[in-house]
Asks: 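Can you keep this structure in mind? I'll have questions shortly.
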Amino acid sequence: MEDGKIRFLVVDDSPTMRRIVINALKNIGYTDIVEAEDGKDALAKLYAERIDFIITDWNMPNMGGLELTKAVRSDPNFANIPILMVTTRAMKEDVLEALQARVNNYIVKPFTPQILKEKIEQILKTL
Amino acid sequence: MSSGGMGVIKQIDSLLKEIEELKAIFVLGQRVIPFLEELFHFIREVGPMLEEINKSLEESSSKIPKASNQLDTVTRTTEMATTEILDTLDEMSLNFGEVKGLISTMKRCYEKQGRLAKRINRHIENGEFEKVKELWRKFYGVLENCGGFEEALDKLTYIKQSADNIMIALQFQDITAQQISAINHLIGSVQEKLTDLLGKLTNLEVKSSEQKFSEVKDESFNPMAQYDRSGLKQKAIDEIIKDNGLTSQKEIDRLFDGEEK
């Protein structure tokens, strides 16, 4: 985190969802945002620039959010970046699988900007 | 020739005829046997093939109602979200109308105040202080009735909330996209199965039933995606996270490190 400004990486294959998440982030007050359309693209962005916080969807082509989380956690350069999973998957096994992959928190779609704010703040408090 | 000799010849002719007929039967038998063998072979092959056709059709036809249900879900989701968006837009439109009304009233009020201020200014310049006093009372009265700010601000806050609600409702697009992807996958699998079946029928060769249709688990969509704005799912998820006592990454790491050991 440079200059106290958190740079978010929003990963979702749906441009509409990326726009909704970015819009919600901007409403909360976070304006430094980078986008990626799947896990592979997200990894490329991670190698290319500084990222402080990842918000990712689960189901995506090429590389999903769970795979991305595992890849991030296994790389010592990025292992500590907070990851918030935002997905339509709401089964208990899904949540546990995501936690096991070491996501920091979990939001189910459709979500409200308030929920997004709460979860981000919860994660930031623990850092 | 004696009648006895004629009888023997007739008998021999009849015997020869019967031998010819018997020979014809043997010739026919020789010709029929390979055909019968082929027929038996065909029946042996057709048995498992028919079984496979039946299985394929059963599998394929069981997917059609599933796809149909998914399409129903897409329709319901779209309907639900569209209704929510339309309701919210109606509310927004109503609130915009009210804010417009409040601003128009305020505008009229300020115009009236402006006119009074000009008159007060003129009277001050002319030293007509009694008239100033009287007009000031009027000015103050107008000022007191020029409210509406708070109400307009409340309504604007409500409009902002409505815009947020539309943003939430628009997430249905991602949900229906996943539901449609699931339908595409089902249709694709039925098509693959039927093409496979058609190939088998055309070539008339029975392949091993182990060569099953590949049920690919596609991770790019969630067939269970639902548009549920009750917040109950999020609560359940929060409970799962809470039950695991997870408040920090360290705790998450500790929990799963413990499991691994």
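Naming convention: chains lettered A, B, ... in sequence-line order (proteins, then strands); numbering from 1 in each chain.
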Asks: Just one of Asn222(B), Asp228(B), Asp174(B) clears the side chain to side chain donor-acceptor pair (under 3.5 Å) bar with Lys109(A), so which one?
Replies: Asp174(B)
Asks: Check whether any side-chain heavy atom of Thr88(A) lies under 4.5 Å from a side-chain heavy atom of Met224(B), and answer yes or no.
Replies: no
Asks: Any non-hydrogen side-chain atom of Lys160(B) less than 4.5 Å from a side-chain atom of Asn27(A)?
Replies: yes
Asks: For residues Met167(B) and Ile20(A), report the shortest heavy-atom separation together with the two atoms involved.
Replies: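 That closest heavy-atom pairing would be O-CD1, 3.4 Å.
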Asks: Given Ile237(B), which partner from the list Thr87(A), Asn105(A), Ile107(A), Val95(A) fulfils the side-chain contact (heavy atoms from CB on, under 4.5 Å) test?
Replies: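 Looking at Thr87(A), Asn105(A), Ile107(A), Val95(A), the match for Ile237(B) under the side-chain contact (heavy atoms from CB on, under 4.5 Å) is Val95(A).
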Asks: May I ask you to check whether over 12 heavy atoms, not counting those of Arg229(B), lie within 6.0 Å of atom CZ?
Replies: yes
Asks: Report which part of Ala225(B) has an atom under 4.5 Å of a heavy atom belonging to chain A: side chain, backbone, both, or neither.
Replies: both
Asks: Name the member of Pro15(A), Gly64(A), Pro61(A) that forms the most heavy-atom pairs with chain B at distances under 4.5 Å.
Replies: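 Ranked by contacts with chain B, first place is Pro61(A).
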Asks: I need the minimum non-hydrogen distance between Tyr106(A) and Ile241(B), along with the two atoms involved.
Replies: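 Nearest pair, atom of Tyr106(A) first, then Ile241(B): CB-CD1, 3.9 Å.
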Asks: Heavy-atom distances under 4.5 Å only: say whether Asp94(A) touches chain B with side chain, backbone, both or neither.
Replies: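 Neither the backbone nor the side chain of Asp94(A) comes within 4.5 Å of chain B.
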Asks: Report yes if the side chains of Phe111(A) and Gln234(B) come closer than 4.5 Å at any heavy-atom pair, otherwise no.
Replies: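 Counting from C-beta outward, Phe111(A) and Gln234(B) never come under 4.5 Å.
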Asks: Please check if atom CD in Glu150(B) has more than 12 non-hydrogen atoms from other residues, nucleotides or ligands closer than 6.0 Å.
Replies: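 Not more than 12 within 6.0 Å, no.
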Asks: So what's closer than 4.5 Å to chain B heavy atoms on Asn62(A): side chain, backbone, both or neither?
Replies: neither
Asks: Pairing donors with acceptors under 3.5 angstrom, does anything connect the side chains of Ser220(B) and Asn59(A)?
Replies: no
Asks: Is it true that atom OH of Tyr110(B) has more than 12 heavy atoms of other residues, nucleotides or ligands lying nearer than 6.0 Å?
Replies: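 Correct, the count exceeds 12.
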Asks: Taking atom OH of Tyr158(B) as the centre, report whether more than 12 heavy atoms of other residues, nucleotides or ligands fall under 6.0 Å from it.
Replies: no
Asks: Ignoring hydrogens and angles, tell me if any N or O in the side chain of Gln173(B) forms a donor-acceptor pair with the backbone of Thr16(A) under 3.5 Å.
Replies: no
Asks: To the nearest 0.5 Å, how far apart are OG1 in Thr112(A) and CG in Asn165(B)?
Replies: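 Answer for the OG1-CG pair, Thr112(A) versus Asn165(B), is 9.0 Å.
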Asks: Hey, is CD on Gln226(B) packed in by over 12 heavy atoms from elsewhere, all under 6.0 Å?
Replies: no
Asks: Quick one: what part of Lys125(A) sits under 4.5 Å from any heavy atom of chain B, side chain, backbone, both or neither?
Replies: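 For Lys125(A), there is no contact with chain B at all, as no heavy atom is under 4.5 Å.
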Asks: Side chain from CB out, backbone as N, CA, C, O: work out which of these in Ile115(A) comes under 4.5 Å of a heavy atom of chain B, or both, or neither.
Replies: side chain
Asks: State, yes or no, whether a side-chain contact exists between Pro110(A) and Phe172(B) at a heavy-atom distance under 4.5 Å.
Replies: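 A side-chain contact under 4.5 Å is absent here.
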Asks: Considering only heavy atoms, which portion of Gln178(B) lies under 4.5 Å from any heavy atom of chain A: side chain, backbone, both, or neither?
Replies: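 For Gln178(B), the side chain is the part near chain A, not the backbone.
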Asks: Are more than 12 heavy atoms, taken from residues, nucleotides or ligands other than Lys117(A), located less than 6.0 Å from that residue's NZ atom?
Replies: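 Not buried by this count: 12 neighbours or fewer within 6.0 Å.
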